[in-house]
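Count residues from 1 along the sequence.
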Amino acid sequence: MNVPYFDKDRIAEVLDLDKLIDAMEQALIAFSSGKVIQPVRMRVVDEKAGGDVCLMPAVTDIFAVKLVANYPGNHELGIESHNGLIVVFDRWTGVPKAVMDGAYITQMRTSAVSAMAARRLASPDAKVLAILGTGAQAYGHFETMRRIRDFEEIRVWGRTPEHARAFAEKTGARLCATSEEAVRGADVIATTTSAKEPIIHGEWLKPGAHISAVGWNGVDGRELDAAVMTNPVYVESRDSAGQESGNILMSNATITAELGEVLAGKIEADRSKTTVFISVGIATEDAYAASLVLDALS
C-alpha cells in the first residue's frame, strides 16, 4: 500500500485561506446539524514530560483522525510546541488515502475558525484588531483576520517582550507594552496564548467588541476573566467546550449557542453586543480542512 504523505510546505502551497474560512463555516453548520460523527477527543497526559497527545476522529465525506501533541516546553528547545499528523481514510472502505502534517493544518484551521466567527459576530465596521500572543496561532490569525475585515490598525502584545517585538517588526503591527493597552478600544481581539491566568479583564473591553479565544488552556487555565465571560458565549461544540474549556468552567459561564446554530440561522446573534467565541478545536474542522487539501491536490 502506497499512502502519500503531504508535508507542511506542500499543504501551504495548495491551501487557499479564503476557501478554508468558508469550509470552517460549513464544518460547524454540519456539526451542529448532526451530519457529522465525532466523539469528544481522547487526551493522554504525560505529566513527567509536561505534554499531552490528543486523538481526534471525525467522519464527514472522509474519515479523518488527527493525532496532535502539545508540549509547551518545546519552545525552550527551539521547536514548535504543537506537532501532529492527520490520517485520512476512504469513508466507505476504510482504505487509507493520505497522511498529512497536522501542525500546519491545526494552525490554519484554528485561525480560519476564529476569522469566520469574527466575520459573523464582530461589527461590520471593525477597524482595530488586537492579537495577544506571538506564536504560530498569532501569525495564523494575522493572516486570516485581515481577510474578513479591513483593519486600519493591528496591535500585538505578548508575554515575552522580545517575541512580541519580533512579531511587530515582521508584520508591521503596533507593539503594546501591556495586554490592557492592546485590548482597550479594540474591535476584534484574538487571544492565542498558553496563559493560565486571565490576560483580559472585562472592564477593558469596548462595548460591542468581539473576542476569539483559541488558547485552549485546559480545565485549569484561562485567558479571559469572569467579567468577560458574562457576555454572550459561542462555541464549536457544547459538549467539548463544556468539558474542556477553562474559560468556561472556571467562570461558571453559560454557553449561549454553538456557532453552527447561528450560521445555520437557527439562533440569532446580535453583533452590536460584546461577544465571545471560545474555540477548543474539534475534529470536524480538521476533516474539512484535510478534505480541502485533498481536493486541491487532485
Side-chain angles (χ1 to χ4, degrees), residues 21 23-43 54 56 58 60 66 68 106 109-122 132 137 141 144-145 148 188-193 195 198 200 202 205 209-271 273-289:
I21 292 170
M24 293 302 97
E25 179 170 327
Q26 295 306 310
L28 293 194
I29 291 173
F31 175 82
S32 293
S33 300
K35 297 178 180 178
V36 174
I37 302 170
Q38 182 200 284
V40 174
R41 89 185 86 218
M42 183 178 75
R43 186 178 181 213
C54 292
M56 301 172 62
T60 60
K66 183 170 78 171
V68 60
T106 299
R109 65 82 158 144
T110 302
S111 305
V113 168
S114 280
M116 182 269 296
R119 181 169 68 181
R120 176 60 185 84
L121 298 174
L132 278 59
Q137 283 299 336
H141 280 71
T144 59
M145 284 293 189
I148 58 94
V188 177
I189 303 155
T191 64
T192 69
T193 73
I200 297 183
L205 295 174
H210 169 74
I211 304 100
S212 282
V214 307
W216 185 49
N217 305 312
V219 298
D220 58 351
R222 55 177 171 167
E223 295 180 300
L224 313 176
D225 79 349
V228 175
M229 298 300 293
T230 61
N231 294 293
V233 175
Y234 300 90
V235 299
E236 297 140 316
S237 160
R238 285 187 179 87
D239 288 342
S240 294
Q243 294 180 41
E244 299 176 335
S245 170
N247 282 311
I248 292 171
L249 294 170
M250 296 177 75
S251 298
N252 196 27
T254 299
I255 295 173
T256 303
E258 290 182 348
L259 187 56
E261 296 171 322
V262 175
L263 296 167
K266 297 178 181 178
I267 294 178
E268 289 294 322
D270 186 350
R271 68 176 70 211
K273 293 183 178 180
T274 302
T275 54
V276 181
F277 174 58
I278 300 294
S279 173
V280 298
I282 59 174
T284 298
E285 297 162 352
D286 299 306
Y288 269 71

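To the nearest 0.5 Å, the span separating OG on Ser240 from CD1 on Ile278 amounts to 13.5 Å. Expressed to the nearest 0.5 Å, how far NZ of Lys66 lies from CD of Glu285 amounts to 8.0 Å. Going from atom OG1 of Thr144 over to atom CE of Met24 covers 11.5 Å, rounded to the nearest 0.5 Å.
Under the 3.5 Å distance criterion, the side-chain polar atoms of Asp225 are matched with a main-chain donor or acceptor of Gly202. Using modelled atom types, one side-chain atom of Thr192 and one backbone atom of Leu132 make a donor-acceptor pair closer than 3.5 Å. Side-chain N or O atoms of Thr256 include one that pairs as donor or acceptor with a backbone N or O of Val233 at under 3.5 Å. When atom types are taken as modelled, the side chain of Ser245 and the backbone of Gly242 share no donor-acceptor pair closer than 3.5 angstrom. Side-chain atoms of Thr193 come within 3.5 Å of backbone N or O of Ala195 as a donor-acceptor pair.
With sequence neighbours left out, Thr284 forms a side chain to side chain donor-acceptor pair (under 3.5 Å) with Gln38. Residues forming a salt bridge (charged side-chain N to carboxylate O under 4.0 Å, His left out) with Arg271 (at least two apart in sequence, or on another chain): none.
Considering every non-hydrogen atom in both Ser32 and Lys266, the closest pair reads O-NZ, 4.3 Å. In terms of heavy atoms, Tyr234 sits closest to Glu268 at OH-O, 4.3 Å.
Annotation: side chain of Leu259 is in contact with side chain of Leu121 (closest heavy-atom distance under 4.5 Å). Counting only heavy atoms from C-beta outward, the side chains of Glu258 and Phe31 approach each other to under 4.5 Å. Looking at Glu25 and Ile29, their side chains come closer than 4.5 Å, going by heavy atoms from C-beta outward. Here the side chains of Asn231 and Lys273 are not in contact, with every heavy-atom distance at 4.5 Å or above. Contact check for Ser212 versus Met145: side-chain heavy atoms found under the 4.5 Å cut-off. A 4.5 Å side-chain heavy-atom check between Val276 and Leu224 finds at least one atom pair inside the cut-off. Residues Met116 and Leu28 have side chains in contact (heavy-atom distance under 4.5 Å, counting atoms from C-beta outward). Looking only at side-chain heavy atoms (C-beta outward), Leu205 and Ile189 come within less than 4.5 Å of each other.
Counting only N and O atoms by type, the side chains of Thr191 and Glu223 include a donor and acceptor under 3.5 Å apart.
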- Query: Checking side-chain contact (heavy atoms from CB on, under 4.5 Å) for the pair Tyr288/Thr60: CA distance, chi angles, key distance, verdict?
  - Reply: CA-CA 8 Å; Tyr288 269 71; Thr60 60; 3.5 Å; yes

- Message: If you apply the rule side-chain contact (heavy atoms from CB on, under 4.5 Å), what do you find for Thr274 with Ile211, and how did you get there?
- Response: CA-CA 8 Å; Thr274 302; Ile211 304 100; 4.2 Å; yes

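Residue pairs meeting the salt bridge (Lys or Arg N to Asp or Glu O under 4.0 Å) criterion with at least one member in residues 235-254, sequence neighbours excluded, are Arg41-Glu244, Arg238-Glu261.
Residue Ile248 is tested with Arg222, Gln243, Met229 for a side-chain contact (heavy atoms from CB on, under 4.5 Å); the sole match is Met229.
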